[in-house]
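Read through the structure below, which is laid out as C-alpha cells, and then see the notes.
Numbering of ligands and ligand atoms starts at 1, following listing order.
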Amino acid sequence: MKTIIEPFRIKSVEPIRMTTREEREKYIEDAYYNLFTLHSDDVLIDLLTDSGTSSMSARQWGAMMQGDESYAGSPSFYRFKQAVDKLMPFKYLIPTHQGRAAESILFTIVADASHSIPNNTHFDTTRANVEAQGAAAIDLVIAEGRDPESNHPFKGNMDIEALEKFITTKGPENIPVCMLTVTNNSGGGQPVSMENIRQTREVCDRYGIPLFIDACRFAENAWFIKQREPGYSDVSVENIVREMFSYADGCTMSAKKDGLANSGGWLAMNNEDWAVECRNRLILTEGFPTYGGLTGRDLDAIAIGLEEVVQEDYLHYRIASTQYVARHIAEAGVPIMQPAGGHAVYIDANRFLPHIPPLQYPGQSLAVELYRHGGIRGCEIGTAMFGLQPDGTEIPARMDLVRLAIPRRTYTQSQMDYVVEVVQEVFEYRDSMRGMKFTRQPKALRHFTGRFGYVD
Ligand code: F0G
C-alpha cells in the first residue's frame, strides 16, 4: 500500500520558532510547570487540543469574504443552516459561539436539581453544565471503554443494559434527556457504532426520553462506522452521518472540531417548546437567533467546513495520521490507549511511569517532560485534572493519561515523526523522571491555573 499523503498542499505558512532545551527549561519553570500557562509561541508542536486549532481551506477563507454581518436574517446564517440541515436535519437550529454555550442553554432549559443525565461519557464542559443546574451527570460507557488495553472496535458505546437499569431505577420522569458523545472524547476519542446509537434510541423510546447527540467529532465517528461496522463499507460518509442523526431528537455541537472552523457551535432539536425557550435564552446570553454570538463570516466558514469534513479523502488521511502516530509510539514499547482514537493519541502515564504514584501526577510529569525535551505540548488527563474532590480530599483518577490531540490539516508527517521521536527518547530515560506536587491550587478546575513543582 502506498503512503497515505496529506490531501492538500500548503498555500500559506505559519512559522514555528525553534527553541533550545535550556530556553524551554526556563519557560516551563516560569510557567510553574503548568502547560496552560506557557506562551504558545514558545511551543514547537502544539497538541494541547484539536479544538479551534485546525487549518482552514482556501475555500473557507474565500467564503469568509462573503460573510454578511447583518444583525438579523443574514444570508450567511442561511448558508450555514443549509449546510447543517444537509447532514443533521433537525427542525430548529440555534447557532452559538462554541459547544459549551449550546450545552449551557440546553441544560438551563431542560434540567433541574431533581434530574440525572446519562451519557456514554460526559466531556468536562458538558458535565459542568449539567452540574451547574444541580443535576447529576452519569457516565455509562461499556466496560471495554474503561480498559486502555481492550481492542473493542467501538469503545465509545453506551452500555445499553446499564442505561435501561439506570432509567428504571431513577424513574424516566427524572431524566429529561439522554446524551451520546461521538466520538467519546473523555474515553479516548473512541467511536460509537450505528447499532449502539440505534439501541440507545430504542431504550429512550421505551421510556419517552429524548436522545441528544454531542456531535463534536461526528465525521470522525462516521468514518469509523464505515471502516469497522458490518454493512457500512459501501455507504457514503454523508449517508452514515444522516443515519446517525436520524436516531436523535437533537444535538449540541462545537464547530471548532468537525466544523473545521476556529470558532462556533450550535444547538439543534425537534421539540418546538424547548426551541422557543432556548432561543429566548440565546438572546440573553449569545445574541440574535440568526448569529448566536458568531460573525457572519464565521457562519460561512462553518458552512464550507461541513462540506469538507465529510470528504472521504480527508477522513482517510485524518484517521490514518492519528493511527500512524499511535502505531509508531506503541512500536517503541510506549503504553498507549488502544486502539487509537480519532483525534488524539493517549499515552498511559501510569504504565509509562510506574515508579510515580498517582497522587504525584505521573501524567503531569510526562506532559512537562515532552515539552522540556522536545517543545511538544500535550495535556494531562488524570489525577491533576480530576483528582480533587468537592470536600478537598484527593482520589487518584481512573486513568492517568497524556493526550496528544492532533489539530486537523495542520501538521505534516515529518512533524509527527518528530513527535514520535521525542516520545521515544523520553521513554528511554523515564526511570529518572520525578513525581510532582501542587504548590498552589484553586478550588475548582485546578489543572488550568494551578502551579506545580517537583517532589523532593
Ligand atoms: N463536547 C465534547 C465532546 C468536547 O470535546 C468539547 C470540547 C465540548 C463538548 C465543548 O466544546 O470547546 O467548543 O465549548 N473539547 C475541547 C477539547 C476543548 O480539547 O477536547 P467547546
Side-chain angles (χ1 to χ4, degrees), residues 35-36 40 43 46-54 94-108 117-132 137 139 141 145 155-156 158 177 179-192 212-221 224 244 248 250-268 282 285-286 292-294 298-299 301-302 305 309 322 337 341-346 363 367 377-382 385-386 401-408 410 445 447-448:
L35 294 144
F36 286 99
S40 64
V43 174
D46 202 347
L47 307 181
L48 187 64
T49 179
D50 64 318
S51 179
T53 51
S54 301
I94 300 171
T96 60
H97 81 276
Q98 62 182 81
R100 66 199 68 183
E103 295 165 354
S104 166
I105 292 170
L106 176 67
F107 295 120
T108 303
I117 315 287
N119 197 333
N120 46 355
T121 312
H122 289 81
F123 179 67
D124 350 349
T125 59
T126 324
R127 169 174 292 279
N129 275 303
V130 167
E131 290 175 352
D139 293 339
V141 74
K155 283 174 84 169
M158 179 79 91
V177 62
M179 299 283 300
L180 200 52
T181 304
V182 304
T183 55
N184 189 24
N185 182 9
S186 308
Q190 301 292 334
V192 178
F212 271 57
I213 294 181
D214 176 338
C216 294
R217 298 177 181 84
F218 71 93
E220 293 172 7
N221 198 86
F224 281 117
M244 283 163 56
C251 73
T252 56
M253 172 71 187
S254 167
K256 302 173 75 165
K257 286 86 171 172
D258 276 352
L260 293 179
N262 301 123
S263 195
W266 67 84
L267 172 62
L282 181 88
T285 58
E286 295 281 293
L294 294 168
D298 291 327
L299 293 166
I302 297 168
V309 80
T322 306
M337 183 134 179
H343 65 293
V345 176
Y346 294 71
R377 174 158 72 168
C379 180
E380 191 259 15
I381 301 195
M385 192 180 270
F386 299 123
L401 303 173
V402 173
R403 182 180 80 167
L404 305 178
I406 305 179
R408 296 166 182 76
T410 300
L445 297 176
H447 58 288
F448 285 130

Query - Candidate pair Ile302 and Leu294, rule side-chain contact (heavy atoms from CB on, under 4.5 Å), full reasoning - result: CA-CA 11 Å; Ile302 297 168; Leu294 294 168; 4.2 Å; yes
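- What you find for Gly305 and Leu260 is that their closest heavy atoms are O-CD1, 3.6 Å.
- Distance alone, capped at 3.5 Å, places no donor-acceptor pair between the Asn221 side chain and the Arg217 backbone.
- When heavy-atom distances to ligand 1 are checked against 4.0 Å, the residues falling inside are Thr49, Ser51, Gln98, Gly99, Arg100, Glu103, Phe123, Thr125, Thr181, Asn185, Asp214, Cys216, Arg217, Ser254, Lys256, Lys257, Arg403, ordered by chain and number.
- Here the side chain of Thr108 pairs a donor or acceptor atom with the backbone of Ser104 at under 3.5 angstrom.
- For residues 256-267, the set of pairs meeting the salt bridge (charged side-chain N to carboxylate O under 4.0 Å, His left out) definition, not counting sequence neighbours, comprises Asp258-Arg408.
- A donor-acceptor contact shorter than 3.5 Å is absent between the side chain of Thr183 and the backbone of Asn185.
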